[in-house]
Amino acid sequence: MDSVAESTSPRAFAVTFLLFAVMLFAGNIYAEISNALLFYRTIFTIWMTIVLLIPASFLYLAGRENHWFRWLWTFAFVAFLVHFYFAVGENHHFSIASVYAKQGWFTASYNFFITVAWIVFTVMLWRNPRQYVLFKHAFVLLLLAGMLVASIGLKDGIVSGLGGLLIVAIIAGIMMRFRKDRSA
Amino acid sequence: MMGLGALLCGFTLLLFLLEKSWESPVSLGPQQAFNAGSIGTEFAPLPVITALPKLFPEQFMPLGPDKGDWIEQYGFLRRDDSPLPLGLTVSSYRPQSASPSPVPFVGIGCGTCHTGEIVTADGTRTRISGMGNPALDILAWFEAFRAAVLARDDNGDFRLNISSIEQANGDKLGLAQRAIVYVWMRVLRDVLQNGLRRHDYPYPADTRLNALFHPAGPGRTNPFNTLVTTVLDLPNRSLTQNREIHAFTKIPAVYQEDRRKWAQFDGSIRDLNGRSALAAMTIGATAENLAHEEISRNVMLATDYTRHLNPPGFSQATGASIDNERAQAGKAVYRTYCFSCHGMPDANGQWQPGERMGELVKAEALGVDAERVSIRHAARLSQTLYKRFGPDFQKRYNKVHPLAFAEQDIRPKSALDQGYINAPIEGVYSRAPYLHNASILTLAELINLIPRRQSFPRGNNFYDTQNVGLSVNTDSAAGLPFMFDASRLGNANHGHDYPWAYDDSRRDEAALRNLLEYLKTL
């Protein structure tokens, strides 16, 4: 079993944290000078999530579950939590009924389910790195599928661009895994 | 790396928490929302507004320091409980975005324009909610503000700055407040400086209330000019001649708005909330901040306030009596010559629509000044405004704007369709000066009982109970500084010769006298 000590490599943490912090700072400043503070806070936090998910999914799919992998997934999750706070907390005043009314049954259920599953997933990354593989695969599949559908569906320039990069990362990750499998 | 990361995250979190602490949403009733609620028109920090008259007395007391303060000189209405005049709003919202601010911002609320006073010769003042303020020269006041923000001292430094503001108020600003005021000033100066190409440098301060330099004057604005130039970013030119347009518009009364299917002098909008949103937009609100929960609620409440608003009766407001017998006789004249277009109340006070009420009439048919309905880009404007609150907003922000209106609720579809709407005239005694361009001081002149004056002084005019409208007297220290001249563009006072033109041989003076008496009862 991977030792957790190895996974908490200070360098991987510091780089990922800095990437997260720079995006958080820049995104918030952008929102501050826009005319729609909450809207852009909600949007830029989902951009942050996708940016972090791009290398994270590559590493996951390529089977490289190293310390970078764990920190990227963890900070992607933190970015998503911030997004969740703005989206559900500030926009809907934590009213689940209001989220359902706005997003519809399917999307809202998906979003709430993914949030809970992501919590479990993150805990597992640290506590049971080699276990519950099926759950993790299923979660990543569902999450990436959702991100792709949303980023294409939203027709927002930046989100679609990020969606495109995510697809590239997914394909590259899968190819890496096959090459590794074959050479093994 | 970790340190930098922590710093950036810490700063962002701190800003977020501070902003939470600056938020101070208020929940108002309809009348308060109308008089004091933010409608997204925040334009300057409160400490700046309080400092300006001290720093720039020449701009804000252009008639001189002994002619009353800025509230009096520009025709605002005084409040007992605040140094600010009635209608100016104070909120914790930054301009345009409604993001939280540590320093309060001042905006223009509905009541600033739509509350007026009847001042009789004995000095009695009757404040009427919903009446257009006939004394308010808000465009000249805005110009004073623009001049102050751009003014430099002999060294070429801006006279309005953080330390001059603090000095004038005798009060220090906090760190965050300074930061916001500083950024506000930088952004505004950029905007104003870029605008010099279109607006030029302000004229000297002593021209502020002079009709030759600031032709809108008391009781009027130029709302469609602002919309065309800011929303379309085009010059506001005439449909019929190759020149700029002079569509000065009286601040109208907003009584019983539910009776009006289509509002505004040109009957261009049917949805009342949408109409209010456009009013706010004319004075600086954005589609974004108008979508803010509190602001959109205020706009809707203020709108609701106007739906069934009634003015007091003529006698109550002016202290003058009505001759009931003559009024009764005048009613018949009104029914014959006026009812079809304007409607009239029945025995129960219910307004009965005439068969032409709500119809648009061409300016030529009425014979009145045509500027207000000769806007070249009228159709383009209505289409753009519809989109801004409707599909464009929805596409961009993925939600429906709370003040969105339907495409069929705004017009014209073609600029050629512009005209003046036949509308009810409740509380007509309080709508002076008359016509959309405020070009006729009294009802006696409007109905051609007496000849129409071609020029007259304006400002804080006394009420004229005899001719029903405004007189050319005042007890205001500011006097009547603005000379209205009907021969200037946009000021024509001809037309609407009902029942008869002044030189019409059928003109019956006794009938007109009775009609005037009846009009007092509306």
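Of the two parts of A:Ser34, only the backbone, made up of N, CA, C and O, holds a non-hydrogen atom closer than 4.5 Å to a non-hydrogen atom of chain B. For B:Arg94, the part sitting under 4.5 Å from any heavy atom of chain A is the side chain, from C-beta outward, and nothing else. Using a 4.5 Å cut-off between heavy atoms, A:Glu90 contacts chain B through its side chain alone, with no backbone atom that close. With a 4.5 Å cut-off on non-hydrogen atoms, B:Phe11 touches chain A through its side chain but not through its backbone. In this structure, chain A has no heavy atom under 4.5 Å from any part of B:Leu7.
To the nearest 0.5 angstrom, B:Met1 atom CE is 9.0 Å from A:Thr16 atom OG1. The structure places CG of B:Asn398 at 8.0 Å from CD1 of A:Ile43, a figure rounded to the nearest 0.5 Å. Taking SG of B:Cys9 as the reference point, atom CZ of A:Phe20 lies at 5.5 Å (rounded to 0.5 Å). Of the inter-residue distances, the one linking A:Arg41 atom CZ with B:Thr12 atom OG1 reads 9.0 Å to the nearest 0.5 angstrom.
Minimum interatomic distance between B:Gly5 and A:Ala21 (heavy atoms only, all atoms of both residues): O-CB, 3.3 Å.
The neighbour count for A:Leu134 CG, taken as heavy atoms of other residues, nucleotides or ligands under 6.0 Å away, does not exceed 12. The environment of B:Arg380 atom CZ is sparse: at most 12 non-hydrogen atoms of other residues, nucleotides or ligands sit within 6.0 angstrom. The neighbour count for A:Phe94 CZ, taken as heavy atoms of other residues, nucleotides or ligands under 6.0 Å away, is above 12. Atom CZ of B:Arg189 has more than 12 heavy atoms from other residues, nucleotides or ligands within 6.0 Å. Around CZ of B:Phe158, the count of heavy atoms belonging to other residues, nucleotides or ligands within 6.0 Å exceeds 12. Surrounding CG of B:Leu14 are more than 12 heavy atoms belonging to other residues, nucleotides or ligands, all under 6.0 Å away. Heavy-atom neighbours of B:Arg197 CZ from other residues, nucleotides or ligands within 6.0 Å: at or below the threshold of 12.
Among the candidates B:Glu293, B:Lys399, B:His292, the residue making the largest number of heavy-atom pairs closer than 4.5 Å to chain A is B:Glu293. When the candidates A:Leu37, A:Asn35, A:Leu19, A:Leu38 are compared by the number of heavy-atom contacts under 4.5 Å with chain B, A:Asn35 comes out ahead.
Inter-residue side-chain proximity for A:Val22 and B:Leu8 is flagged as met; some heavy-atom pair is nearer than 4.5 Å. The shortest side-chain heavy-atom distance between B:Met2 and A:Phe13 falls under the 4.5 Å cut-off. Contact of the B:Glu288 side chain with the A:Phe39 side chain is not registered, since no non-hydrogen atoms from C-beta on lie closer than 4.5 Å.
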